[in-house]
Number of protein chains: 2
Amino acid sequence: MELRQLKYFLKAKELNNFTEAAKELYITQSTLSQQIKQLEIELDTLLFNRVGKRVTLTEAGALFAQYAQQSIKKSEEGKSMLSDLNNLQTGTLTIGVTLGLQRLFSKAVLEFALRYPRIRIEAVFGASHRLVKDLENMEMDMVLVFNESLDNPNYIYHSLFDSPLAMVSSVHSPYSGRKSITLKEMEKLPLLVATKGFSTDHVISQAFEKQGLKPTFHMEINDIPTALELVKSGNWHSILVQTSVLDKDLVTIPIADIKQKRTAMLIRMQDTYQKKAMKAFQELLEEYGDEGG
Amino acid sequence: MELRQLKYFLKAKELNNFTEAAKELYITQSTLSQQIKQLEIELDTLLFNRVGKRVTLTEAGALFAQYAQQSIKKSEEGKSMLSDLNNLQTGTLTIGVTLGLQRLFSKAVLEFALRYPRIRIEAVFGASHRLVKDLENMEMDMVLVFNESLDNPNYIYHSLFDSPLAMVSSVHSPYSGRKSITLKEMEKLPLLVATKGFSTDHVISQAFEKQGLKPTFHMEINDIPTALELVKSGNWHSILVQTSVLDKDLVTIPIADIKQKRTAMLIRMQDTYQKKAMKAFQELLEEYGDEGG
DNA sequence: ATTCTATAATCGGTTTTAACGATTGATAAT
DNA sequence: ATTATCAATCGTTAAAACCGATTATAGAAT
């Protein structure tokens with residue numbers, strides 16, 4: 001048994017497909033096939049069921065995966081611990097971020113880059129469920145999302161701040177200056193969805209649905225800065241977590257009938273050893289989170 | 001980084017000597033040297049200081065060893081978990097036992113062998129510090145010793161029973177029938193040490209010393225059954241943990257001035273996964289332990 | 001029913017590398 | 001000064017990881 005084989009196994013498990021897994025591992029399918037087989041022989045247990053042309057994890061495989069992952073994790077923790085120790089700080093920090101937390105992230109990353117110029121940052125924007133999945137596959141060090149609360153004990157959940165949903169409009173819009181707005185009022189407005197496919201979008205749709213309202217979303221965009229640019233034109237209004245917006249040309253108007261706040265949170269694997277860079281980044285997030293995102 | 005390299009590294013760490021380590025690993029010294037170097041290159045850190053012809057672990061090496069060990073452990077736990085799952089029970093249970101717990105061990109192992117005939121038992125008798133060291137190097141699943149209380153959080157300590165020290169004599173000896181005896185009385189008797197080099201021996205010596213007594217030990221043996229045979233002859237008396245002795249030809253006489261009892265305990269590594277065989281053995285030990293060793 | 005497609009297993013050959021034996025170099029002990 | 005002991009290094013060999021091509025199989029499409 002070698003770590004190499006365990007890594008191959010986990011990738012195959014993740015994709016349930018040897019050919020694909022081999023591609024991602026930059027080896028051929030035949031190599032992967034052989035290495036998995038070798039592992040199975042050593043363990044004297046089938047890890048995958050071969051039903052026709054497809055493979056599915058066996059129960060034994062699922063159980064074994066836990067140990068495989070932990071074995072790999074420990075070895076990598078050891079490595080990154082040493083790299084911290086050397087204080088060369090040549091590490092990489094991979095962070096998943098959901099769209100609405102872009103601002104918080106940029107603020108933190110700006111300061112972080114100043115303090116730790118030699119640490120490479122890899123930021124992956126995406127839908128929270130996708131990010132969490134990547135975290136599970138150890139492809140990320142931490143993710144920044146809204147309201148994900150898997151109760152998986154292998155992860156550490158850390159709330160950063162709460163923020164309500166609000167309508168975003170141009171300062172020149174007739175609604176500028178309003179203290180609040182109702183969903184019913186918004187139903188007839190030209191709306192722009194800035195978080196298509198994200199969990200925030202889901203919350204918004206549900207709120208309208210609950211009141212039997214059918215708003216028209218004239219546009220869907222999955223990039224917040226672009227969406228905000230469009231809102232500035234005055235042609236559309238959008239709905240976002242309030243702290244995602246801070247621009248002198250825009251206003252946020254509290255939505256009277258959405259009480260539920262969104263909670264920004266940081267999720268990371270439970271490590272006995274936590275990368276120094278990670279700790280530092282987390283501290284920055286907390287700092288900026290307290291200032292209101 | 002491969003598990004093979006981590007195993008090599010740990011062995012080298014254990015022995016502080018590449019040549020010896022290579023021998024135990026059944027590889028040549030040159031291979032070991034190269035593999036360690038390769039690991040060091042990957043980690044970008046020296047694991048050993050090379051001072052002249054000898055090697056000593058660096059601080060980084062000591063830290064890394066923790067992770068290496070855990071990585072290996074996880075992979076092996078996974079493997080043994082599967083072997084249990086298959087219910088083939090082809091596993092091996094390696095147990096270290098200190099001399100005085102021989103009786104408890106034999107009783108338990110007898111029953112265990114009946115219930116789990118396909119599990120191989122490897123029993124290693126030896127001094128407790130030696131056993132504990134082997135346990136640390138993961139060469140044992142558990143050890144049975146007296147009073148070892150390292151406060152290492154990676155181990156689980158489980159007390160089985162307490163037992164006082166007692167003088168052991170032939171039923172025909174003049175002391176047979178005595179309710180108790182003092183160290184001073186024993187000083188002049190022909191004594192036989194049955195636990196030379198073991199921690200119990202240490203306790204006995206200290207007790208005499210404390211009272212300024214200088215007993216004469218006419219014989220030293222490091223095997224209890226043999227020692228007991230000799231005591232039966234009536235020529236010597238010995239001092240042992242009371243529960244080590246159960247023989248119609250022998251009597252145990254409580255020693256009035258040694259109040260301190262010896263605690264039999266089981267020590268095992270803290271596993272998230274515990275071998276079924278281990279659990280079963282532990283249960284038997286507890287059962288027989290309650291009956292008084 | 002037949003062909004096509006997607007997939008895993010297998011086979012034979014190639015490349016990589018783990019392992020070896022012998023040698024060198026360095027240093028501690030004699 | 002000599003010897004013994006150890007780690008590093010070098011060149012070679014054996015093992016095994018890997019590859020490309022082929023085969024086998026099952027599901028999908030025709």
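Each chain gets a letter, A, B and so on, in the order the sequences are listed, and its residues count up from 1.
- As a whole-Å value, the separation of B/Y8 OH from C/dT17 C1' is 12 Å.
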Report all interatomic pairs (protein N or O, nucleotide N or O of nucleotides 13-15 of chain C) with separations under 3.5 Å.
none

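- Of the inter-residue distances, the one linking A/T58 atom OG1 with A/N49 atom CG reads 6.0 Å to the nearest 0.5 angstrom.
- Of the charged side-chain nitrogens involved, none lies within less than 4.0 Å of a carboxylate oxygen, so that B/E40 and B/K37 do not count as a salt-bridged pair.
- Residues satisfying the ring-ring contact (aromatic ring centres under 6.0 Å, His included) test with A/F217, not counting sequence neighbours, are none.
- Counting only residues at least two apart or on different chains, the salt bridge (Lys or Arg N to Asp or Glu O under 4.0 Å) pairs with a member in residues 63-75 of chain A are A/K73-A/D271, A/K74-A/E77.
- In this structure, B/Q35 does not reach the C/dT17 phosphate: none of its side-chain N or O atoms is under 4.0 Å from OP1 or OP2.
- Electrostatic pairing of B/K23 and B/E20 counts as a salt bridge here, judged by a charged N lying under 4.0 Å from a carboxylate O.
- In this structure, the separation between OG1 on A/T31 and OH on A/Y8 is 7.0 Å, given to the nearest 0.5 Å.
- Here A/E139 pairs with A/K11 in a salt bridge; the nearest charged N to carboxylate O distance falls below 4.0 Å.
- Remark: A/E122 pairs with A/R120 by the side chain to side chain donor-acceptor pair (under 3.5 Å) rule, at least two apart or across chains.
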Pairs: protein N or O with nucleotides 5-12 of chain C N or O, under 3.5 Å:
unit_1, atom_1, unit_2, atom_2, d
C/dA6, O4', A/K53, NZ, 3.4
C/dT7, OP1, A/N17, ND2, 3.4
C/dT7, O3', A/K53, O, 3.1
C/dA8, OP1, A/F18, N, 2.7
C/dA8, OP2, A/N17, OD1, 3.4
C/dA8, OP2, A/F18, N, 3.3
C/dA8, OP2, A/T19, N, 2.8
C/dA8, OP2, A/T19, OG1, 2.6
C/dA9, OP1, A/R50, NE, 2.3
C/dA9, OP1, A/R50, NH2, 3.2
C/dA9, OP2, A/S33, OG, 2.4
C/dA9, N7, A/Q29, NE2, 2.8
C/dA9, N6, A/Q29, OE1, 3.1
C/dT10, OP2, A/K37, NZ, 2.4

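- A/Y26 comes within contact range of the sugar-phosphate backbone alone, with a heavy-atom separation under 4.0 Å but no base atom that close.
- Taking a heavy-atom distance under 4.0 Å as the criterion, the stretch of DNA chain D touched by chain B extends 5' to 3' from D/dT5 to D/dC10.
- Here the CZ atom belonging to A/R4 is positioned 11.5 Å from the CG atom belonging to A/L25, to the nearest 0.5 angstrom.
- Atom CG of B/L32 and atom P of C/dA18 are 13 Å apart (whole Å).
- The nearest pair of heavy atoms linking A/M278 to A/D141 is CE-O, 3.3 Å.
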